[in-house]
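Below is one structure, written out as structure tokens; comments come after it.
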Amino acid sequence: MFETQSGRAISAGGPTLVAVTEPAAAAAATEIPPQVPSQGNRGPDPDAPSGTGVSGGPGGSAAPEGILRRQAQRESAARTYARSLPIVPVRARGLTIEGADGRRYLDCLSGAGTLALGHNHPVVLEAIRGVLDSGAPLHVLDLATPVKDAFTTELFANLPPALAADARIQFCGPAGTDAVEAALKLVRTATGRPGLLAFTGAYHGMTAGALDASGGAPGVRVTRLPYPQDLRCPFGVGGPEGAELSARWTENLLDDPKGGVPAPAGMIVEPVQGEGGVIPAPDGWLRRMREITAARGIPLIADEVQTGVGRTGAFWGVDHAGVVPDVMVLSKAIGGSLPLAVIVYRSGLDVWAPGAHAGTFRGNQLAMAAGAATLAFVRENRLAERAAALGERMLTALHGLACVHPCIGEVRGRGLMIGVELVDPDTGAAAPSLAAAVRQECLDRGLIVELGGRHGAVVRLLPPLTLTDEQAAAVLDRLADAIPAAARRTH
């Protein structure tokens, strides 16, 4: 049971939730320090151009309306989060963001899972300052540096041991989608085969090759396989039986000489589908995928961009099933809030010629320092185990909400990667308008969440791994208020 800030308890009828103590260094990072007003600042022109400084944040007009208006006029129509979250962050610490209007928000988006330690964690800031103060080069392409060596050493120390013992690392462009592109190129080069196996509901990035492997791509060289799930099982059964049918389908398709699927270059899978709706892969099914690919000489690529670094309650999402992939795609949290992306793969695949894959910003020293500090902090403070325990308690509380609100079709997730699918109570169909209303009601209550899943009907929670019990209770309290308020609004 969580005792919420409003005084009521959220429970799923299970055992009382035991408090989990947050590490002291993490607790220190959860509050924004008092704002010191600038001397003589009488308030700039609401529509003045940026450059003179903002009370509480660097650069720009202090009036959020003017900033938002200029953004809408200047930025691409492809902008996303800015549309659903019309706020202007100027300061942040831990779970908390402060807007230019002075409002504070609990951030359960965390840079789409990038901020494992929350905003501006002290160990991350110290690592960045250390590089800046040392006079070290900030841009080095792929040259060796002490900072890079320290990052690689810390990363290898946290990899599945069977992979780390015989691994190579490729530093890619700065985004996760760049690492996906590198992984696809790697297995195609190593096998000499063009095809790829991917799953319905997948999301691997926004560049061309990554989009090919994602769920909404048009005709491409990718074979779609059924990803197991309960609420909308492609076979209509769900549970272990649905997962077994998915595995049998995959195996039969690969072995059928008339199946129309030649031997592929690789299979790419997310241990938990994030944008697909926070759908965890069943452990037994993931092990079957490893067995099926290994028996047929098909490299298995694990996309750990969002699930890595303790997010799911284990250091890597594949750890739950004990699976060792041939390639791991890593980004987001490994950069400690700064852009960094790598692939790690078994040495037998390392057949690239020099320069076969590159990227100008693959030598981001600040990100490597921040990333090494983040990886070490997660490991030393056992934040993956904490995410598992606290996430299970939050899921239990949300299951209790589902018993009260029939518009909650399913609660699912792993660790601190949680999804709540909203449905029409009468038909069970996905309810995207209700989900959008819940997101807005949450924002009105000072809680930032985002949507995903089919039709955008899944409310997603990705809080930092440093989340305290009190903060978790506040998040649940605001979400518990937002859901019935949104239901009233939409009906």
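Here Ile343 contributes atom CD1 and Cys172 contributes atom SG; the two are 5.0 Å apart, rounded to the nearest 0.5 Å. To the nearest 0.5 Å, atom CG of residue Leu125 and atom OG of residue Ser337 are 8.0 Å apart. Atoms CG and CZ, on Leu254 and Arg296 in that order, are 6.0 Å from each other to the nearest 0.5 Å. Rounded to the nearest 0.5 Å, atoms CZ (Arg91) and CD (Glu98) are 4.5 Å apart. For the atom pair CG (Asp319) and CG (Leu159), the distance works out to 9.5 Å, reported to the nearest 0.5 Å. One distance of note links OG of Ser110 with CE of Met417; it measures 12.0 Å at 0.5 Å rounding.
Ion pair Arg346/Asp326 flagged as a salt bridge, since at least one NZ, NE, NH1 or NH2 atom sits closer than 4.0 Å to an Asp/Glu carboxylate oxygen. Between Arg460 and Glu275 there is a salt bridge, since a side-chain N of the basic residue sits under 4.0 Å from a carboxylate O of the acidic one. Taking a cutoff of 4.0 Å between a charged side-chain nitrogen and a carboxylate oxygen, Arg386 and Asp469 qualify as a salt bridge.
In this structure, Gln365 and Met368 have side chains that are in contact, with non-hydrogen atoms separated by less than 4.5 Å. Val323 places a side-chain heavy atom less than 4.5 Å from the side chain of Leu300. Inter-residue side-chain proximity for Val459 and Leu451 is flagged as met; some heavy-atom pair is nearer than 4.5 Å. Counting heavy atoms from C-beta outward, Arg168 and Leu349 have side chains that stay 4.5 Å or more apart. Looking at heavy atoms from C-beta onward, Leu225 lies out of side-chain contact with Met289 at the 4.5 angstrom threshold. Between Pro325 and Val318, the closest side-chain pair of non-hydrogen atoms falls below 4.5 Å. Inter-residue side-chain proximity for Leu197 and Val269 is flagged as unmet; no heavy-atom pair is nearer than 4.5 Å. Ile334 places a side-chain heavy atom less than 4.5 Å from the side chain of Phe151.
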Output, in order, the C-alpha distance, side-chain angles, deciding distance and verdict of side-chain contact (heavy atoms from CB on, under 4.5 Å) for Leu68 and Gln71. CA-CA 5 Å; Leu68 291 171; Gln71 180 188 42; 4.1 Å; yes

Take Arg412 and Glu421 through the salt bridge (Lys or Arg N to Asp or Glu O under 4.0 Å) test and state the conclusion after the steps. CA-CA 8 Å; Arg412 54 184 181 254; Glu421 180 155 351; 2.7 Å; yes

Begin from the C-alpha positions of Leu340 and Leu338 and carry the test side-chain contact (heavy atoms from CB on, under 4.5 Å) through to its verdict. CA-CA 6 Å; Leu340 187 63; Leu338 298 180; over 6 Å; no

Would Val187 and Ile268 count as a side-chain contact (heavy atoms from CB on, under 4.5 Å) if you check the C-alpha gap in whole Å, the side-chain angles of each, and the deciding distance to 0.1 Å? CA-CA 10 Å; Val187 296; Ile268 185 167; over 6 Å; no

Go through it in stages, so that I can follow the logic: the residues are His204 and Glu270, the test is side-chain contact (heavy atoms from CB on, under 4.5 Å), and I'd like the CA-CA distance, side-chain angles, deciding distance and then a yes or no. CA-CA 8 Å; His204 298 292; Glu270 298 161 275; 3.8 Å; yes

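Closest heavy-atom contact between Ala472 and Leu390: CB-CD1, 4.1 Å. When all heavy atoms are compared, the tightest approach of Ala333 to Gly113 is CB-O, 4.2 Å. Shortest non-hydrogen contact noted between Arg188 and Ala265 is CG-CB, 3.6 Å. The two residues Val305 and Gly176 come nearest to each other via the heavy atoms CG2-CA, 4.1 Å. Minimum heavy-atom separation, Gly266 to Leu196: O-CD1, 3.3 Å. Between Val327 and Tyr345, the shortest heavy-atom contact is CG2-CB, 3.9 Å.
Checked by atom type and distance alone, the side chain of Tyr105 never pairs as donor or acceptor with a backbone atom of Ile87 at under 3.5 Å. Side-chain N or O atoms of His455 include none that pairs as donor or acceptor with a backbone N or O of Ala457 at under 3.5 Å. Counting only distance, with no hydrogens or angles, the side chain of Asn381 and the backbone of Leu383 share no donor-acceptor pair below 3.5 Å. Between the side chain of Arg83 and the main chain of Ala77, a donor-acceptor pair closer than 3.5 Å is present. Within the 3.5 Å criterion, the main-chain N or O of Ala179 finds no donor-acceptor partner in the side chain of Gln170. For the pair Lys185 (side chain) and Ala356 (backbone), a donor-acceptor distance under 3.5 Å is present. The backbone N or O of His121 lies less than 3.5 Å from no partner atom in the side chain of Arg93, so there is not a single donor-acceptor pair. Listed for the Trp316 side chain is a donor-acceptor partner under 3.5 Å among the backbone atoms of Asn158. A donor-acceptor pair under 3.5 Å is absent between the side-chain atoms of Thr177 and the main chain of Gly205, judged by distance alone. A distance-only check finds a donor-acceptor pair linking the side chain of Lys148 to the backbone of Asp142 [under 3.5 Å].
Counting heavy atoms of neighbouring residues, nucleotides and ligands inside a 6.0 Å radius, atom CZ of Phe156 exceeds 12 of them.
By the salt bridge (charged side-chain N to carboxylate O under 4.0 Å, His left out) test, Arg445 pairs with Glu441, sequence neighbours left out. Qualifying salt bridge (charged side-chain N to carboxylate O under 4.0 Å, His left out) partners for Arg379, counting only residues two or more places apart in sequence or in other chains: Glu154.
Donor-acceptor pairing under 3.5 Å is recorded for the side chains of Glu450 and Ser84. One side chain, Thr293 or Arg290, offers a donor N or O that lies under 3.5 Å from an acceptor on the other.
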